[in-house]
Amino acid sequence: MSGDHSHNDSQIDSGSRHNDSHKHKDKYKDKEHKHKDHKKDKEREKSKYSNSEHRDSSDKKHRDKDKERLKLKDGSSDKQKDKHKEKKKEERSFDGKPKKEKENGFESAEFKPKKIKTEEREKKAKKREQEEEDIKPKKKTKVKKGEAVTDGKKKAKKEPEEKWKWWEEERYTDGVKWKFLEHKGPVFAPPYEPLPSNVKFYYDGKHMKLSPGAEEVATFFAKMLDHEYTTKDVFRKNFFKDWRKEMTSEEKSKLTDLNKCDFSEMSEYFKAQSEARKAMTKEEKLKIKAENERILQEYGFCVMDNHKERIANFRIEPPGLFRGRGDHPKMGMLKRRIRPEDIIINCSKDSNHPKPPPGTKWKEVRHDNKVTWLVSWTENIQGSIKYIMLNPSSRIKGEKDWQKYEMARRLKKCVDRIRAQYREDWKSKEMRIRQRAVALYFIDKLALRAGNEKEEGETADTVGCCSLRVEHLTLHQEMDGQEYVVEFDFLGKDSIRYYNKVPVEKRVFKNLQLFMEDKEPEDDLFDRLNTSILNKHLQELMDGLTAKVFRTYNASITLQQQLNELTTSEDNVPAKILSYNRANRAVAVLCNHQRAPPKTFEKSMQNLQTKIDAKKEQLADAKRELKSAKADAKVRRDEKSKKAVESKKKAVQRIEEQLMKLEVQATDREENKQIALGTSKLNYLDPRISVAWCKKLGVPIEKIYNKTQREKFAWAIDMAEKDYEF
DNA sequence: ACATTGGACTCAGAAATTTTAAA
DNA sequence: ATTTAAAATTTCTGAGTCCAATG
């Protein structure tokens, strides 16, 4: 995998040159857009009703017995669960996979509840308990502010409360996601606080008092003044247009030129505020922390099917100026404030419905247990729906995650067949089949994303595999001593540049030449292909297979291979971790997960070097001392001097170890300069691979996964043994 | 049929915040 | 021991994928 993914230093720069070619098409969409919004709303209104019929019937079926819920204790066995289990077993024995199981791609073998050695289990439980005490939902105690944090830290709560192992239970079938759901609704953004009267806004040099509405939007801009994008034309244009909508007619007629607006006092004011916040006393900070904790306890959890679960994003996004990624045509537009009237609540009928703030109403309260979200609203920039959903540690997310990796493992079993197939298809008489086959080859070999088509002018110009254009590839008959090299250069998701030179097979190369013949740079490379055609084909090759499964599969299999290749049991723990990070890095490179090099990168690298130098010196000193101690011992030959030698020896050893650790750290950091490991670790790597590796090589899992990650991957940590194979 | 749109969910890197280590 | 800086973690929310309803 090494040669295939040679990356260029310049690739971080999301290259402005990429953005130009397709820009000109769409300058004025705004009018159209408004129309569309309207239409969307109406349609939504319609579908609301038609949906509810559905829901009602399913609701009745599933709702009934949940009255006995609210038994929050996790380990509690409840009848319902057992009943559930029995039913499922029946279903499953029904020969051929039960519908849902097939869909999920779970291996039945994976379902056998693991028998874990008891001591191990206890140890685990104990450890977790300690680590989790501070996030654990404390039962509604009214804590006096200030106390909460200090005592949470110190005395370990000794609730022996066992963690719920949802992975040892049966899953729902038929698209039911839960039977009982109760929550407190969202937390709204704090209301706007008008500026103090001494903070002034100037237009054309003259002070002007803004109406509250206009002032609020002005502060959004003022807060961003230090960002480069406030100087961009598109940003300023969009902002000004939306700002004017919030102005009184008087303001509207006066303020006609953004360039004459002076936000500097506002900007200064906010900077001062944030300084002041930093300078707060400990007590004040604690008070705020306690308040946040209170809100978390009240709104940050829900009850889903007898279990208290953490909610991911229970705070509604505050209003502000939209800043998409890359060259976004809508940057600078006003993201409006979300009110209760915009909010759809989803919960079960027999729950206590969340109350809207006094004097307000929800848009709707529905009871749809075929979806996982608690709250939704429609966002005004793209007209898309936003959701409040559960934390990755929740059952509902965890199951899905597990299922994703099972699907990838199924691909592993038949990937050879599929590869043989697409290689065969390179020769097909039909153009669409050849295109499909070459695209699939890219997806497999390069881990490209599927590449849905996007509405032009609504988003930044980015592409994935199926939406590649001729201009994104350059063919080299021969390059750097290699034949048939394809040079890729395009902006992918989040406008991250993908740059790669890949030697491909001759047949692929010839096909590409064919696809590119007589086309303009801005034409689609695969003009007979889109993601739905591709996925339909994949579906036929393997049940449940889609393009993104290849990414998961290739990422995970790469990690496993790399770990096997790079790690030896003889290594010490830091060396093992370096190897792990390198394996992780190979995956991140494959998936093109990049980051901007941290602002302080050079400096921190220097600091580390300084430390290393100091440590080297310290080592030299220690060695000298050891030598003289040895000499001394030789002369004196007494117990005391022998002991001294021993202790010096130990000291040298210790320092050597420290030095090595530092050096490893330096290597690791350097190699990681512009690579982001997090995304692959969190979303692409079957956690059981890492867990098994840790167990096999005696590396504590904490070295690989931090607390949050351990929560998310609790299922894997619990079930994977050292011999797990992806 | 098939293209389009809406909906729900995963995945993404930056920014903000908190923790830890160093001075 | 206190302050400060750096590292680690968490939060945030935008950007994809994919499916199914719709026209």
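Predicted model only: the values in this text are computed from it and were never measured.
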Chemist: State the pairing partner of C:dT10; accept Watson-Crick or G-U wobble contacts with both distances under 3.5 Å, and report none otherwise.
Modeler: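 When the pairing criteria are applied, B:dA15 turns out to be the nucleotide that pairs with C:dT10.
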Chemist: Quickly work out the A:R449 CZ to C:dC18 P distance and round it to whole Å.
Modeler: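 After rounding, the gap between these two atoms is 11 Å.
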Chemist: Should we say atom CD of A:E617 is surrounded by more than 12 heavy atoms from elsewhere, each under 6.0 Å from it?
Modeler: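 No.
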Chemist: Atom NZ of A:K285 and atom P of B:dT17: how far apart are they, to the nearest Å?
Modeler: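 It is 11 Å, rounded to the nearest whole Å.
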Chemist: When you check the phosphate oxygens OP1 and OP2 of B:dT10, does a side-chain N or O of A:N683 lie under 4.0 Å from one of them?
Modeler: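 Answer no for this pair, as no side-chain N or O of A:N683 is under 4.0 Å from OP1 or OP2.
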Chemist: Measuring from the side chain of A:N452 (C-beta onward, heavy atoms only), which nucleotide among B:dA14, C:dC18, B:dA12 has the closest atom?
Modeler: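 Per side-chain heavy atoms of A:N452, the pick is C:dC18.
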Chemist: Does A:T546 put a side-chain nitrogen or oxygen below 4.0 Å from OP1 or OP2 of C:dT17?
Modeler: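 For C:dT17, OP1/OP2 do not have a side-chain N/O of A:T546 under 4.0 Å.
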Chemist: So, is A:T679 close to the B:dA12 phosphate, meaning a side-chain N or O under 4.0 Å from OP1 or OP2?
Modeler: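 Indeed not, no polar side-chain atom of A:T679 lies that close.
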Chemist: Nearest to the side chain of A:D494, heavy atoms from C-beta on, is which of C:dA15, C:dC18, B:dT19?
Modeler: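 The answer is C:dA15.
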Chemist: C:dC19 P sits how many Å from A:K400 NZ, rounded?
Modeler: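 About 10 Å, once rounded to whole Å.
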Chemist: Give A:S532 one of three labels, base, sugar-phosphate or nothing, depending on what nucleic acid heavy atoms sit under 4.0 Å from its own.
Modeler: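 Contact class for A:S532: none.
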Chemist: In whole Å, I'd like the distance from the CZ atom of A:F550 to the C1' atom of C:dT17.
Modeler: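 In whole Å, C:dT17 C1' and A:F550 CZ are 15 Å from each other.
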Chemist: Think A:Q594 has a side-chain N or O under 4.0 angstrom from the OP1 or OP2 of B:dG13?
Modeler: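 False: A:Q594 side-chain N/O out of range (4.0 Å or more) of B:dG13 OP1/OP2.
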Chemist: Going by atom types only, do A:Q297 and A:E293 share a side-chain donor-acceptor pair under 3.5 Å?
Modeler: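 Side-chain D/A pair, A:Q297 to A:E293: present.
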Chemist: Regarding A:K223 and the six-membered ring of A:F270, is the cationic atom NZ or CZ under 6.0 Å from the ring centre and inside 45° of its axis?
Modeler: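 Verdict for A:F270: a cation-pi partner in A:K223.
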Chemist: Which listed nucleotide (B:dA8, B:dA12, C:dT13) is nearest to the side chain of A:V371?
Modeler: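 Among B:dA8, B:dA12, C:dT13, the one nearest the side chain of A:V371 is B:dA8.
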Chemist: If the sugar-phosphate is the primed atoms plus P, OP1 and OP2 and the base is the rest, what is the B/S/- string for nucleotides 2-12 of chain C, using protein heavy atoms under 4.0 Å?
Modeler: ----SS-SS--
Chemist: Start at the 5' end of DNA chain B and walk down; is the nucleotide closest to A:S376 or to A:K712 reached first?
Modeler: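 The residue closer to the strand's 5' end, by nearest nucleotide, is A:S376.
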Chemist: With sequence neighbours excluded, what pairs up with A:D527 under the salt bridge (charged side-chain N to carboxylate O under 4.0 Å, His left out) test?
Modeler: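 A:K519.
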Chemist: OP1 or OP2 of B:dA1 less than 4.0 angstrom from a side-chain nitrogen or oxygen of A:K536, does that happen here?
Modeler: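 Answer is no, no contact under 4.0 Å.
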Chemist: Would you call the rings of A:F221 and A:F235 parallel, tilted or perpendicular, taking 30° and 60° as the class edges?
Modeler: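 Ring orientation, 0 to 90° scale: tilted.
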Chemist: Ring-plane angle category for A:Y229 and A:H227, please: parallel below 30°, perpendicular beyond 60°, tilted otherwise.
Modeler: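 Judged by the thresholds at 30° and 60°, the geometry between A:Y229 and A:H227 is parallel.
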Chemist: May I ask you to verify if any side-chain N or O of A:T462 is less than 4.0 angstrom from the OP1 or OP2 atom of C:dG16?
Modeler: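 Indeed, a polar side-chain atom of A:T462 lies that close.
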Chemist: Taking the side chain as every heavy atom from C-beta outward, state whether A:L446 and A:N554 have any atom pair closer than 4.5 Å.
Modeler: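 No, side chains not in contact.
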Chemist: Side-chain N or O of A:K177 less than 4.0 angstrom from OP1 or OP2 on B:dC9?
Modeler: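 So the side chain of A:K177 is within the cut-off, an N or O lying under 4.0 Å from OP1 or OP2 of B:dC9.
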Chemist: Using a 4.0 Å heavy-atom cut-off, does A:G492 contact any base of the nucleic acid, only the sugar-phosphate backbone, or nothing at all?
Modeler: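 Sugar-phosphate contact only.
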Chemist: From the options B:dA14, C:dT17, B:dA12, select the nucleotide whose nearest atom is closest to the side chain of A:R595.
Modeler: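 Within the option list, the nearest is B:dA14.
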Chemist: Do you know which of A:K536, A:E453, A:K548 makes side-chain contact (heavy atoms from CB on, under 4.5 Å) with A:T531?
Modeler: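 Of all the options given, the one that passes is A:E453.
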Chemist: Which residue lies toward the 5' end of DNA chain B, A:Y387 or A:R551, if each is placed at its nearest nucleotide?
Modeler: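 The residue closer to the strand's 5' end, by nearest nucleotide, is A:Y387.
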Chemist: How many whole angstroms separate atom NZ of A:K404 from atom P of B:dA8?
Modeler: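 From A:K404 NZ to B:dA8 P: 20 Å.
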Chemist: Nearest whole angstrom, please: distance from the C1' of B:dC9 to the CG of A:D368.
Modeler: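 Roughly 14 Å, once rounded to whole Å.
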Chemist: Over how many whole Å does the gap from A:R395 atom CZ to B:dC9 atom P extend?
Modeler: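 In whole Å, B:dC9 P and A:R395 CZ are 12 Å from each other.
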Chemist: Between A:Q539 and A:H328, which has a closest nucleotide on DNA chain C that is more 5'?
Modeler: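 Going by which nucleotide is closer to the 5' end, it is A:H328.
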Chemist: In terms of relative ring orientation, are A:F322 and A:H328 parallel, tilted or perpendicular, with 30° and 60° separating the classes?
Modeler: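 Aromatic pair A:F322/A:H328 classed perpendicular.
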Chemist: Does A:K548 put a side-chain nitrogen or oxygen below 4.0 Å from OP1 or OP2 of B:dT10?
Modeler: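 False: A:K548 side-chain N/O out of range (4.0 Å or more) of B:dT10 OP1/OP2.
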Chemist: In whole angstrom, what separates A:K335's NZ from C:dG14's P?
Modeler: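 The distance from NZ of A:K335 to P of C:dG14 comes to 4 Å, rounded to the nearest Å.
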Chemist: Looking at every strand, decide which applies to A:G451 at a 4.0 Å heavy-atom threshold: base, sugar-phosphate, or nothing.
Modeler: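 Sugar-phosphate, backbone atoms only, no base.
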Chemist: Of all the nucleotides listed (B:dC11, B:dA8, B:dA14), which has the minimum atom distance to the side chain of A:I385?
Modeler: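 Within the option list, the nearest is B:dA8.
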